[in-house]
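Below is one structure; the comments refer to it alone.
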Amino acid sequence: MSVKENTNEAKENLNFIASMIDEAVNEGVNNGRVHTRFPPEPNGHLHIGHAKAICLDFGMAEKFGGKCNLRFDDTNPTKERTDFVDGIKKDIHWLGYDWEEREFYASDYFERLWAFAVDLIKRGLAYIDEQSAEEISAQKGTPTSPGKESPFRNRPVAESLAMFEKMNTGELDEGACVLRAKVDMTSPNMHMRDPIMYRINKMPHHRTGTKWKAYPMYDFAHGQSDYFEGITNSLCTLEFEVHRPLYDWFVEHLREDDYRPRQTEFNRLNLTYTVMSKRKLMQLVEENHVTGWDDPRMPTLSGMRRRGYTPDSIKNFINRIGYTKFEATNDVSLLEFAVREDLNKKAPRVNAVINPLKLILTNYPEDKVEMMCIENNPEDENAGSREVPFTRELYIERDDFMEEPPKKFFRLGPEREVRLKGGYIVKCEGYKKDEDSGEVTEVYCTYDPETKSGMPQSNRRVKGTLHWVSVGHALDAEVRLYDRLFLDENPLGHKDKDFLEFINPESLKIIHAKVEPSLATAKPLDYFQFQRIGYFNVDSDSTDEKLVFNRTVGLRDSWAKRK
RNA sequence: UGUCCCAUGGUGUAAUGGUAACACAGCGGUUUUUGGUACCGUCGUUCAAGGUUCGAAUCCUUGUGGGACAACCA
């Protein structure tokens with residue numbers, strides 16, 4: 001049944017791809033079957049742009065009761081590695097998608113592709129060209145002028161056949177010749193001007209080793225692989241639009257029945273303040289502008305995972321930006337909104353003081369320890385509560401005290417009262433200052449015993465509420481404050497300037513914080529809201545001896561904005 | 001001086017010939033033991049010109065602007 005008809009209530013708004021598939025299903029195309037594939041080349045790590053493709057490929061299959069294959073597009077041994085295969089699989093699973101037993105490789109089809117190539121030669125539709133890359137390129141013409149035919153274009157079939165064999169035996173050197181499809185050198189579409197089908201590459205392949213010396217090009221592998229797997233919808237990004245006629249040409253000459261896969265293109269993901277190209281990301285890693293592919297500032301899935309982004313936040317973000325044919329640039333603040341939205345519901349609240357200032361309660365007994373019961377998450381009633389030790393000496397945030405506060409400052413200052421969240425209302429009676437630096441070193445307060453959190457008399461209202469940590473119980477932690485990697489909205493958009501010039505010198509600040517003792521058992525990837533500060537997760541570097549937290553994203557802060 | 005694709009508030013997306021709307025961002029407010037959350041309000045939109053039609057964001061024509069294509073990469 002149609003997805004549209006399926007919903008009696010409000011008609012669901014489908015993106016143009018879902019509408020297209022819906023229509024095809026209704027018309028009984030391919031017997032109503034929907035089968036997609038996600039086809040990464042294992043030559044690097046996945047980034048959030050790939051996540052957009054993954055969500056579409058797996059999402060369409062899910063929506064229409066079909067299947068989605070994982071297929072590694074491994075037709076170029078020079079760049080591909082097994083560890084990339086493993087990383088890619090891990091990232092897709094992390095996002096929450098599963099290809100079940102359908103893990104395929106373009107290299108699975110080398111035999112069949114070879115046979116198809118031989119067939120095309122025999123049909124006079126392909127030939128061996130012995131010219132150099134430069135000659136072929138020169139004859140190809142330009143987008144505005146037609147190409148010229150190769151002198152080898154009409155060589156005898158037997159000759160091409162024999163040479164094709166030699167391309168794969170190692171008898172011929174790399175670059176000695178290529179196999180080309182005989183299409184149309186005058187086509188206005190450059191991809192139709194006798195495209196190269198096979199080239200020689202003697203580098204061992206990560207899966208097939210040295211068995212092959214001649215490898216199919218993307219254009220000669222992709223559509224056919226789709227056909228072999230019974231793919232109905234081959235979804236790819238906009239820049240492949242001009243490849244589609246060639247995709248169809250090969251499939252048309254290959255197919256033996258009515259079934260054919262259909263390629264449809266959608267817009268790539270672009271984000272403000274971010275670079276997404278694999279080459280640029282590689283450069284950031286190799287030139288040590290970041291610590292690696294999984295640096296929390298990278299838009300890679302491994303980096304975002306380490307930064308504290310949840311799969312749901314990424315999927316929700318992608319859902320909101322949609323799929324169109326318009327080359328859009330999405331605001332990174334929508335991504336930040338998505339992760340705050342998700343973590344607000346899921347992240348346990350904890351007290352962590354990022355820039356500590358000592359606060360002493362002069363009327364609180366020296367050795368007394370009260371265990372304050374504090375709820376873990378006001379947004380989740382099932383999250384329960386925990387006990388946090390409260391004592392005479394506490395750390396508060398340095399920003400939460402001002403000697404001469406302005407009118408709109410609701411926090412602590414001389415003679416002012418605030419609530420220590422989950423504790424007491426305290427009043428500032430004085431403070432100590434370092435004469436040389438002029439820096440406040442201690443703040444002295446008295447507490448009001450009647451105002452203990454939860455007590456009947458505790459409802460007295462004060463302007464501000466501060467988070468705190470007991471000095472004697474505090475744990476030390478390294479906190480990595482991450483900010484956007486680039487200062488410019490479009491780092492690649494300046495002709496006269498290299499994108500590296502826009503790197504934010506303050507994209508990482510490492511500080512030492514005091515955190516509440518319950519965090520002693522926190523494990524890598526656990527996420528928290530540091531009350532009043534932001535969302536943080538435990539870094540993969542973190543150990544029991546040395547806790548390390550990453551700032552995923554700060555809380556919205558209308559006070560900071562006002563300043 | 002080519003072919004193909006695209007154009008809706010600041011950003012992104014919807015409206016499938018019938019009242020231009022939603023989210024984010026911005027601004028203002030209510031609630032709040034997080035200056036968070038939630039909630040309310042507010043700002044602001046069909047690239048241009050013609051045509052078809054009772055009626056056009058939607059269809060047609062022309063123009064303007066943006067993008068893709070000249071790897072033995074994918």
Polar atom pairs between nucleotides 18-21 of chain B and protein, under 3.5 Å, N or O only, would you list them?
none

Sort me out a list of protein N/O and nucleotides 30-33 of chain B N/O pairs below 3.5 Å, or just none if empty.
| unit_1 | atom_1 | unit_2 | atom_2 | d |
| --- | --- | --- | --- | --- |
| B:U33 | O2' | A:K421 | NZ | 3.2 |
| B:U33 | O2 | A:G422 | N | 3.1 |
| B:U33 | N3 | A:R419 | NE | 3.4 |
| B:U33 | N3 | A:R419 | NH1 | 3.3 |
| B:U33 | N3 | A:S453 | OG | 2.8 |
| B:U33 | O4 | A:R419 | NH1 | 3.0 |
| B:U33 | O4 | A:S453 | OG | 2.8 |
| B:U33 | O4 | A:G454 | N | 3.4 |

Exercise. Touch check for A:Q531, heavy atoms < 4.0 angstrom, all strands: base, sugar-phosphate only, or nothing?
Worked result: base
Exercise. Among all residues two or more places apart in sequence or in another chain, which pass the side chain to side chain contact (heavy atoms under 4.5 Å, CB included) test with A:T144?
Worked result: A:T142
Problem set entry | From A:D129, A:D194, A:D184, residue fulfilling salt bridge (charged side-chain N to carboxylate O under 4.0 Å, His left out) relative to A:R153 | A:D194
Problem set entry | Any residue of residues 163-181 of chain A with a heavy atom less than 4.0 Å from an atom of RNA chain B | A:G175, A:V178
Under 3.5 Å, which protein N or O atoms sit close to an N or O of nucleotides 2-4 of chain B? Give each pair with its distance.
| unit_1 | atom_1 | unit_2 | atom_2 | d |
| --- | --- | --- | --- | --- |
| B:G2 | N3 | A:P143 | O | 2.8 |

Exercise. Just one of A:H50, A:Q283, A:K79, A:H45 clears the side chain to side chain contact (heavy atoms under 4.5 Å, CB included) bar with A:K278, so which one?
Worked result: A:H50
For this session: Spell out yes or no: do the side chain of A:H243 and the base of B:A74 have one donor N/O and one acceptor N/O closer than 3.5 Å?
Result: yes
For this session: Can you run through RNA chain B from 5' to 3' and write each base as (, ), [, ], | or . depending on how it pairs? Watson-Crick or G-U wobble, both distances under 3.5 Å.
Result: .((((((..((((....[..)))).(((((.......)))))....(((((..]....))))))))))).....
Exercise. Is there a donor N/O on one and an acceptor N/O on the other, under 3.5 Å, for the side chain of A:R411 and the base of B:G35?
Worked result: yes
For this session: Give one of base, sugar-phosphate or nothing for A:D219, where a contact means two heavy atoms less than 4.0 Å apart.
Result: nothing
